[in-house]
Amino acid sequence: MRRVMAVALVTVFLTAGIVFAADFIDAASDAPPTSLQDIAALADQAVTRRLLAVPGLRSIAPTVLLAGGMIEQNGVFITKEYLLEDIKPGPPEIMEENIAGIEAFLDSHNKPVYVMLIPTACAVKQDEIPQLAPLYNQKEMIGGVYERFAGRANLVDVYSELFAARDQYIYYRTESNLTGLGGYYIYLTLASRLGFNARPIDQFEVRHPVHDYYGDLYQRSNYKNVPADIITVYDYWKYDRQYQLTHIRDGEAKCYYTLFPYHLAALGEPMDVLLGGEAQRIDITAASPYEESFLIFADKTALSYLPFLTVHYGRITVIDLSGLTEEMFGEIDPNQYDQVLFAYSADSFVNRPVSAAAGKLQ
């Protein structure tokens with residue numbers, strides 16, 4: 001196998017070496033490299049582009065790239081076990097608008113507000129990526145944002161908890177999100193900040209409704225040797241809980257009497273077994289001894305930790321502010337909730353206007 005890879009590499013460079021040099025020179029003239037990291041990145045991009053353009057080699061291109069030490073393709077780092085999305089921040093104005101939206105919300109609402117930024121797998125599993133790779137410093141970004149909110153909001157630092165558990169299955173291998181276990185580690189930190197004791201993980205029944213899931217990162221990469229993901233749910237069994245889940249996506253409202261509608265996996269949407277999947281709004285009411293209510297402004301990372309939080313609240317509403325219609329926006333009343341959380345992945349916070357509209361909520 002190694003000999004085949006070597007022959008493939010030699011063939012590629014003999015066939016496309018001159019064109020690769022031209023590609024590299026063109027790219028360097030558009031954005032002159034200023035460091036060894038820049039040079040390595042430009043070289044990887046040029047080789048990848050030329051390799052994928054050679055007829056007959058597209059199917060083995062990722063394997064050849066791995067053999068040659070180049071492991072990024074189409075914004076995805078390829079390792080033996082994981083596909084890791086390479087985070088590139090958008091225009092600085094996007095993050096500033098998100099910060100300003102939360103600041104405006106803090107100015108207009110006198111209630112406990114929490115802020116939680118969640119690192120992506122690329123940051124937590126950075127040891128698996130070559131040192132020359134120009135990674136965006138998510139930890140530094142999160143620290144800078146938290147400094148802006150210091151003294152005004154309750155800050156939830158989950159970076160350390162996730163980094164300590166980085167060798168466990170806390171992120172999906174082929175999907176840009178946390179697993180249920182990753183959600184549990186977030187829940188551990190969040191619980192202490194919210195003022196209650198987290199339930200031990202053995203109080204949750206572990207189920208695996210899907211064993212062969214391939215997510216969005218798998219579709220973006222030609223590399224097909226990464227193991228499939230297992231979708232795992234953690235269902236609280238210690239005391240009986242009856243739930244009503246209202247799920248609104250693209251103007252369509254659906255109601256479930258469970259947190260985990262397993263039948264959706266058979267309909268071609270495996271991730272939807274988790275709280276019905278992504279949505280503009282999710283409302284959960286529980287028949288439990290707890291009456292507190294919780295309003296969460298979040299992205300899809302909420303699907304990982306939300307099942308654990310439902311144990312402690314009578315009502316939880318999760319809102320994706322970036323995807324609301326004006327009518328849905330007008331139906332949000334933060335004054336009806338005891339606590340408010342802004343929780344986003346680092347990727348969302350620097351690339352999408354996820355909380356920019358928060359200041360308009362009365």
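Treat the numbers as computed from the prediction; the structure is a model and nothing was measured. Heavy atoms only: backbone and side chains are in, while hydrogens, waters and symmetry mates are out.
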Just by distance, with hydrogens left out, do [X] and [Y] show a side-chain donor and acceptor under 3.5 Å apart?
X: Gln336; Y: Ser293; answer: no
X: Thr246; Y: Asp283; answer: no
X: His312; Y: Tyr187; answer: yes
X: Arg199; Y: Tyr236; answer: yes
X: Tyr313; Y: Gln339; answer: yes
X: Thr301; Y: Ser304; answer: no
X: Arg315; Y: Tyr337; answer: yes

Is [X] reaching over with its side chain to a backbone N or O of [Y], donor-acceptor style, under 3.5 angstrom?
X: Tyr305; Y: Tyr185; result: no
X: Tyr146; Y: Leu117; result: yes
X: His247; Y: Gly276; result: yes
X: Thr179; Y: Tyr169; result: yes
X: Tyr184; Y: Ile201; result: yes

Inset, instruction - Take the angle between the ring planes of Phe342 and Phe105 and call it parallel below 30°, perpendicular above 60°, tilted in between. - result: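 Perpendicular.
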Inset, instruction - Would you check if the distance from the ring center of Phe204 to the ring center of Tyr234 is below 6.0 Å? - result: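 No.
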Inset, instruction - Go through the steps to decide whether His208 and Tyr213 satisfy the test ring-ring contact (aromatic ring centres under 6.0 Å, His included), and finish with yes or no. - result: CA-CA 11 Å; His208 309 287; Tyr213 177 67; over 10 Å; no
Can you tell me if [X] has over 12 outside heavy atoms packed within less than 6.0 Å of its [atom1]?
X: Lys360; atom1: NZ; result: no
X: Asp107; atom1: CG; result: yes
X: Lys88; atom1: NZ; result: yes

Legend entry - Audit row: Ile94, Asn351, side-chain contact (heavy atoms from CB on, under 4.5 Å) steps and yes/no: CA-CA 6 Å; Ile94 295 178; Asn351 282 300; 5.5 Å; no
Inset, instruction - Scan residues 326-352 for pairs that pass salt bridge (charged side-chain N to carboxylate O under 4.0 Å, His left out), counting only residues two or more places apart or in two chains. - result: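 Sorted pair list: Asp320-Arg352.
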Inset, instruction - Verify side chain to side chain donor-acceptor pair (under 3.5 Å) between Glu85 and Thr120, making sure each step is shown before the conclusion. - result: CA-CA 8 Å; Glu85 186 172 24; Thr120 69; over 6 Å; no
Legend entry - Criterion side chain to side chain contact (heavy atoms under 4.5 Å, CB included) against Tyr172, the qualifying member of Leu83, Leu217, Asp229: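 That would be Asp229.
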